[in-house]
Amino acid sequence: MIPESLRQAAEAVLRRNDRGKFTAPSPRQYPHLWLWDAGFAALGWAALGDYERAYREIRAALRGQWRNGMLPHVVFYDWPSAYFPGADVWRSDLAPEAPTELPTSGITQPPVLAFVVEILTRYDPDRGRAAAFRREAFPALYAYHRWLHTARDPEGMGLSVLVHPWESGMDNSPLWDAALARVPVGDLPPYRRADARWVPEEQRPRSADYDRFLALILHLRSHRYGESGVRASPFRVYDVLFNALRHRSEEALLAMATALGEPTGEIEGWLAQGRAAFQAYLWDPERRFFLDWDAVAAARIPVIAAGGFVALYAGLATPEQAHEMVARDLTNPEAFAPDGGTRYLVPTVSKAEPGWEPRRYWRGPIWINLNALIAHGLRRYGFTELAEQIRADTFALVARSGFWEYYDPRTGEGLGIGDFTWSAALLLAWDLLEIPETR
Ligand code: DGY
């Protein structure tokens, strides 16, 4: 149960950030629709009992869908704004597959929508409305996952490749340091970042990262966001968090297809491929952890990041692998667990990583979405006490500091932008994320 004062405060954040058509992650810092943020926001609306509003959020995200199936990571509702890089940089109008009436970015973000829709339609008390929405959303979600398995699996790995760190959602994680360092910056046009206006610069990505973020956009744009740009991208990574969420979403897609009486064979094939690929390419038998695969370097990325634990949310670890990751890393004070220096679970990367920075965006702070996914993954494998510990830590962070974008794991101080939508939404919707089989 969520304490009433926190519930009210969380609801107030959602209502303040509600733009009607969509919920801004933060009206100042992120004034448009972001893909995985929209999924988490929808869960928050459902937890408040407003399923109509939750469905509207999903519809707003799906309206940005490209004709090839891609769901873009930003849909530029309410454009123009001060956000950088805006629609004028992305230029989705150059892509033959982009919607003509609505500007979007040209890359995607972690695929959470299918499992979110499955949750919404499982809990909606109006069963007729739930069935109708499932029928409405299913084709678009299916088309998105088919795109993830075709356009984004050029090497036939059974995994989806990312061509920009923003596709991982973990923009400046130490995971990308070596891969980004190889990205040629070339002659970038002069540009001005807008992200450090409301957030101290030392909590945001570095300028060298931004140069590469922009260079990668320009590369993809020069290929009109087509498949040639994917194949020629200087950044090509198979990420554990992204692919685990893809798998969890495909479990949900299978449940929806079954409920709708649709064929299930292709989805079952995707699930089998994903399971095999996680074991063949992402499990590192020496480090005993799921590691990202860098396709340009043809090597695993030797960085222990919290996204690895999200493999448990998708049921992709064997019970032995789950036990090893928990014993060796999650409960180890030299890696993720609290010690004299840190007080809360789960820092974004292991404290043992040389790139760990406890206050800088995705390089060490705690994020509420990862905490929720990790806690429910632990429950899936029977680690109920540890799951409860993460829940208690998360609620303590919010009670102490409010609904921040991320938190310093040493002090619990809120960092980034305040009144952040998914921090509020996921506190409300924490229990909705539970995997049905663990009940
Ligand atoms: C940002 O602008 O920081 C976003 O995370 C990119 O999508």
Side-chain angles (χ1 to χ4, degrees), residues 17 22-41 60-61 64 70-92 103-113 162-176 180 183 191-221 225 235 237 239 241-242 245 305 307 348 357 359-365 367-370 404-406 415-423:
N17 295 350
F22 71 103
T23 316
S26 152
R28 284 194 297 185
Q29 184 79 335
Y30 310 108
H32 310 291
L33 179 144
W34 265 258
L35 185 62
W36 69 333
D37 299 70
F40 297 132
M70 184 184 79
L71 289 174
H73 98 299
V74 180
V75 184
F76 285 102
Y77 294 112
D78 291 358
W79 175 256
S81 74
Y83 176 75
F84 177 87
D88 53 333
V89 175
W90 285 100
R91 294 289 313 275
S92 59
T104 73
S105 72
I107 57 171
T108 192
Q109 233 181 5
V112 302
L113 282 204
L162 307 187
V163 291
H164 196 295
W166 287 350
E167 296 198 301
S168 74
M170 303 176 289
D171 303 7
N172 66 335
S173 167
L175 284 165
W176 323 130
L180 267 189
V183 170
Y191 70 97
R192 257 180 98 162
R193 290 171 58 174
D195 58 301
R197 278 204 288 180
W198 294 289
V199 175
E201 224 171 289
E202 63 274 13
Q203 296 174 22
R204 291 289 305 175
R206 293 188 162 81
S207 292
D209 294 327
Y210 257 84
D211 284 352
R212 284 156 184 86
F213 296 157
L214 185 59
L216 285 169
I217 295 174
L218 297 181
H219 162 79
L220 295 167
R221 189 178 84 178
Y225 303 105
F235 180 95
V237 164
D239 172 50
L241 172 72
F242 186 99
L245 293 174
T348 353
E357 293 179 73
R359 294 172 70 79
R360 198 186 282 277
Y361 211 36
W362 287 95
R363 300 186 70 86
W367 287 76
I368 287 185
N369 63 340
L370 287 195
W404 287 84
E405 195 178 359
Y406 39 99
L415 303 170
I417 200 81
D419 271 5
F420 189 62
T421 290
W422 86 37
S423 298

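When a ligand or atom number is given, it counts from 1 through the structure's own listing order.
- Summarising the geometry of His73 relative to Trp90, their closest heavy-atom pair is CE1-CZ2, 3.7 Å, with the distance given to 0.1 Å.
- Close placement of the Phe76 and His32 rings is indicated, their centers lying within 6.0 Å of each other.
- Between Trp367 and Phe420, the two ring planes are perpendicular [angle over 60°; tilted spans 30° to 60°].
- Trp34 and Tyr30 have perpendicular rings, their planes meeting at more than 60° on a 0 to 90° scale where under 30° would count as parallel.
- Protein residues with a heavy atom closer than 4.0 Å to ligand 1 are Tyr30, Trp34, His73, Tyr83, Trp166, Asp171, Arg204, Tyr210, Tyr361, listed by chain and number.
- Here the two rings, on His164 and Phe235, have centers that are 6.0 Å apart or farther.
- Taking the ring axis of Tyr361 as reference, the NZ or CZ atom of Arg204 stays within 45° of it and closer than 6.0 Å to the ring centre.
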